[in-house]
Each structure stands twice: as structure tokens, then as C-alpha cells.
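One structure is given below, encoded as C-alpha cells.
All of these numbers come straight from a predicted model, not from anything done at the bench.
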Amino acid sequence: MVVIAVIAMIFVLIYLDDKLGQLVFRNGRKKVVYPERRSDIALYVNGRHLFSDYFAELRRARDHIHILFYIIKNDETTTPFFQILKEKAAEGVKVRVLVDWVGGLGLPKALIRSLRASGVEFAYARPPRFPFFVYRLNRRNHRKITVIDGRVGYVGGFNIGREYNGKDANFGEWRDYHLKISGEGVYDLQEQFLHDWEEATGKTVPDKHHYFPDLPAGAIRHQLVATDGAALEEQYIDVIRGAKKEIMIGTPYFIPSRPLFNELMQALRRGVRVTVLVPLKADHLFVREAAHPYFYQMLKAGARVYRFYQGFYHAKTIVIDEEWCDVGTANFDRRSLFLNSEINCYVFDRAFARFVKQAIERDLVRSEPLTLEFWRNRSLLDRGKESISQLLSTWL
């Protein structure tokens with residue numbers, strides 16, 4: 001009885017910590033909608049191609065390198081990454097690296113010391129602390145931003161490590177969407193990185209104007225939007241409400257809020273074609289099962305749901321009517337909607353939206369359709385996981 005009482009007390013304290021933290025920090029959550037820009041944008045869907053280009057651009061840096069990842073691993077993929085950063089710092093390039101505290105837990109202290117000794121500035125984002133330890137622990141910086149010399153930027157779903165390079169046998173090919181931006185949009189990536197850096201370090205970056213060179217306009221109209229556990233739900237509802245013919249969603253985790261899910265169901269009722277692509281395998285407990293109740297209702301309403309089987313599908317993208325698309329860091333789940341700090345790139349360009357749609361369609365070829373028959377015949381274990389996942393859906 002004593003053990004049960006202690007466990008119950010722990011759960012009560014965790015619940016109170018989380019709820020009180022939400023109340024205290026509710027007004028501090030925000031969104032930043034940057035101006036519409038024009039840039040040249042390239043889409044990468046393969047880690048090998050992305051990192052080849054990414055490392056080459058890092059080596060070309062002459063003034064500064066600013067890097068933010070949610071996860072940075074310590075393995076054969078990141079060994080050359082760290083070496084490049086050390087070499088550039090030794091050349092006099094200002095190098096700043098920011099990694100989320102949870103996502104960077106696997107980095108050895110000796111490695112961080114060696115980076116700092118070489119001149120690389122390194123910091124953790126969002127280390128948990130009291131009060132409201134549990135709530136702070138849940139609110140992660142999930143952004144992935146790189147800015148090189150203020151002229152080239154990267155943003156999207158890839159973290160950096162061996163699995164993202166397709167070298168982890170447990171996942172196989174890692175499918176993700178990442179953007180390389182050259183042009184006006186780099187200004188906003190830089191602004192967001194410096195904001196996150198100053199928040200993490202508590203220090204003001206000196207001579208900020210130095211990091212914002214004049215940038216030419218590119219060919220593609222777009223807008224960067226940074227959210228911090230607020231406003232993303234409303235933005236997604238708005239674009240889904242405006243869909244006339246087709247909605248395509250690619251996400252590793254499909255756990256929408258009730259208003260967002262209702263808007264998708266309304267779209268299906270008015271004849272909009274809805275396609276959702278998720279991974280077949282899961283990389284976290286319960287996330288796959290948490291989506292099943294939503295899929296059941298959507299399938300009955302005529303939606304198409306596919307599960308990518310050739311590796312792991314981690315892309316975060318939405319395409320509406322071949323006119324608008326979103327590629328960024330936010331998953332289609334409650335954690336991205338209400339907890340994490342995210343950054344998304346909304347693109348208002350038909351040709352680019354079609355290009356992203358074609359990428360999704362290529363991935364659909366290597367996916368299996370989810371059917372109502374499969375859902376009805378799922379095992380008792382899967383049904384049990386679904387029940388548990390509904391209780392944990394806010395934190396998954």
C-alpha cells in the first residue's frame with residue numbers, strides 16, 4: 001500500500017507541475033510571423049545528398065556559422081561535422097552551435113570541451129530547472145536552423161547523426177524533407193537563430209548588424225513562421241479550411257488536436273481529397289497507435305492513409321491544392337502544436353508546391369495503404385496500446 005501511495009503521489013506531483021507550468025507560462029508562448037520573402041529554395045529528401053551539400057557549404061564559410069539542431073549525435077556521421085567546425089573556428093570563423101538539452105544528452109563532455117577549446121561556442125537550449133521541472137522538460141526547442149555567412153540557410157526535418165544519413169539498420173532509409181535557402185529568407189533564419197541563442201545563453205550577441213548582409217531576392221515567394229507552443233493550430237486550421245480540392249499531409253506522428261481533426265473531417269465532407277502519409281514503423285512508444293483512432297474515422301469518411309515501409313518517414317509537410325505548401329520542423333501532433341518551439345516555411349509558389357507533391361507521391365509508391373479491414377482486425381495488444389496512447393497523447 002505504501003508503494004502504491006508513493007507512486008500515486010508522484011503522478012499527482014507530475015500532473016500539478018505540468019498544469020501549473022502551463023498556467024504560469026501561458027502568456028509567454030508566442031509566434032513570430034516573418035515578412036513574405038523571395039528566395040531560391042532547394043528541397044532535399046535524402047540525408048546523403050543533404051549532408052554532402054551541407055558539409056561543402058560549411059567548409060566554404062568565411063565569416064560565421066550558426067547551427068541549431070534538436071538532436072546532434074556523436075557517431076561516424078558527426079565526426080567530420082565536428083572536425084569541420086573546429087577547423088573553421090581555427091581559421092577565425094565565428095562558430096556557434098546550439099542543441100536542445102534533451103536532443104544533445106548523448107554528447108560526451110569531452111567532445112564539448114574539445115569544441116570549446118578549438119574556439120567553437122557551444123550551448124544547450126532549454127535545460128530543465130525548477131520550478132515546473134516537468135513542464136520545462138516537455139517544452140523542447142525542436143527547430144533545425146543553419147546559417148552560413150548570413151547568405152545560405154537550411155531548415156527542415158533532418159537532425160544530424162547516422163540514422164538521418166540512412167546508416168542505422170533499425171530504420172533503414174531515413175526519409176525527410178529539408179530546405180536550402182539562398183536569398184531574403186536567410187535574414188529570418190538568422191534572426192530566429194540569434195533569438196534562440198540569446199535565450200539559451202543569456203548573453204546578447206555583439207555587433208548584430210554584422211550578421212545581416214544585403215541579400216538578393218530569389219525566385220520563390222515564401223514566409224517563415226516560428227511558433228512556441230501557440231498559434232500553429234490556428235494556422236493549420238486556416239489553410240485546411242481554405243482547401244478546395246486536395247490536402248496532402250506527410251508526418252511521422254499524426255496526433256492532431258480535436259479542432260484541427262474536426263477541420264480535416266469537414267474538408268472530407270465537402271469533397272476535398274485528403275491523403276496522409278506516415279511511417280510504418282515507430283521510433284517512439286505509442287505514437288503509431290495514438291494515430292489509429294483518427295485514421296479509423298478518416299478512412300470511413302474517404303481519406304487515403306499510407307504507411308511508408310522503405311525505412312522511416314520523418315518529413316513534416318503539407319500541400320494544399322498544388323498552390324501552397326509547408327516544409328518545416330513541426331509534426332502534425334499536439335507536442336508541436338502546444339509544447340515545442342518550431343519553425344516552418346510556407347511557400348506560395350505553384351511550381352514548388354507541385355515539386356513537393358511529387359516528392360510525396362514518390363514516397364507513396366513505397367508505402368502501403370491502411371485499410372478499414374486492417375484496423376478492425378488489429379490485435380488486442382494494439383488495442384491496449386491505443387488506449388494508453390490516448391491518455392498520453394499530449395506528451396507523445
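Put simply, Ile247 and Ile255 are part of the same group of oily side chains (I, L, V, M, F, W, Y) that touch within less than 4.5 Å, one to the next. Tyr164 and Ile67 fall within the same hydrophobic cluster, where Ile, Leu, Val, Met, Phe, Trp and Tyr residues are linked whenever their side-chain heavy atoms come under 4.5 Å apart, directly or through other members. Note on Tyr177: it clusters hydrophobically with Val347, by side-chain heavy-atom contacts below 4.5 Å among ILVMFWY residues.
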#### Entry: Full working for side-chain hydrogen bond (donor to acceptor under 3.5 Å, both in side chains) between Ser39 and His222
CA-CA 8 Å; Ser39 300; His222 64 96; 2.8 Å; yes
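Separation of atoms CZ (Arg350) and CZ (Arg221) is listed at 11.0 Å; rounding is to 0.5 Å. Taken to the nearest 0.5 Å, the CG atom of Asp40 stands 6.5 Å off from the OG atom of Ser182. Put simply, CG on Leu194 and NZ on Lys208 are 6.0 Å apart, with the number rounded to the nearest 0.5 Å. Atom OH of residue Tyr236 and atom CD1 of residue Ile320 lie 10.0 Å apart, to the nearest 0.5 angstrom. One finds the OH atom of Tyr70 at 13.5 Å from the CG atom of Leu98 (value rounded to the nearest 0.5 Å).
Here the two rings, on Tyr44 and His178, have centers that are 6.0 Å apart or farther.
A donor-acceptor pair is defined here as one N or O able to donate and one able to accept, closer than 3.5 Å; such a pair exists between the side chain of Asn46 and the backbone of Arg48. For Asp149 (side chain) and Arg62 (main-chain N/O), a donor-acceptor pair under 3.5 Å exists by modelled atom type. At distances below 3.5 Å, at least one donor-acceptor pair connects side-chain atoms of Asn344 with backbone N or O atoms of Thr329. Proximity of a side-chain donor or acceptor of Arg270 to a complementary backbone N or O of Ala243 within less than 3.5 Å is detected.
Within 6.0 Å of NZ in Lys245 there are 12 or fewer heavy atoms belonging to other residues, nucleotides or ligands. Annotation: Asp238, atom CG; neighbour count of heavy atoms from other residues, nucleotides and ligands within 6.0 Å is above 12.
Looking only at atom types and distance, the side chain of Gln235 has a donor-acceptor partner in the side chain of Tyr346 under 3.5 Å away. In summary, the side chains of Asn262 and Gln266 do not present any donor paired with an acceptor at a separation below 3.5 Å, with no hydrogens or angles considered. Side-chain polar atoms of Arg304 and Thr275 form a donor-acceptor pair below 3.5 angstrom.
Comment: Arg126 engages Asp228 in a salt bridge, judged by a side-chain N to carboxylate O separation of less than 4.0 angstrom. The pair Asp321-Lys244 fails the salt-bridge criterion, with no side-chain N (NZ, NE, NH1 or NH2) lying under 4.0 Å from an Asp/Glu carboxylate O. Glu233 has no carboxylate O lying under 4.0 Å from a charged side-chain N of Arg334, or vice versa, which leaves the two without a salt bridge. Using a 4.0 Å cut-off between charged side-chain N and carboxylate O, Glu263 and Arg241 make a salt bridge. One finds no salt bridge joining Glu87 and Arg59 here, because no Lys/Arg side-chain nitrogen approaches an Asp/Glu carboxylate oxygen to under 4.0 Å. Residues Lys316 and Asp326 are not paired through a salt bridge, judged by the lack of any N-O separation under 4.0 Å between the basic side chain and the carboxylate.
The two residues Gly153 and Val186 make their nearest non-hydrogen contact at N-CG2, 3.8 Å. In this structure, Asn74 and Pro108 approach most closely via the heavy-atom pair ND2-CG, 3.3 Å. When all heavy atoms are compared, the tightest approach of Thr371 to Leu299 is C-CD1, 4.0 Å.
Ring planes of Phe171 and Trp174: perpendicular class, angle over 60° (limits at 30 and 60°). Ring geometry for His314 against Phe312 counts as tilted: the plane angle lies between 30° and 60°, on a 0 to 90° scale. Note on ring orientation: taking the six-membered ring where Trp is involved, the planes of Phe69 and Tyr54 are perpendicular (angle over 60°, cut-offs 30° and 60°). Ring geometry for Phe51 against Phe158 counts as perpendicular: the plane angle is over 60°, on a 0 to 90° scale with 30° as the lower cut.
Among the candidates Phe295, Tyr313, Tyr306, the single residue satisfying the ring pair (Phe, Tyr, Trp, His ring centres under 6.0 Å) test with Phe254 is Phe295.
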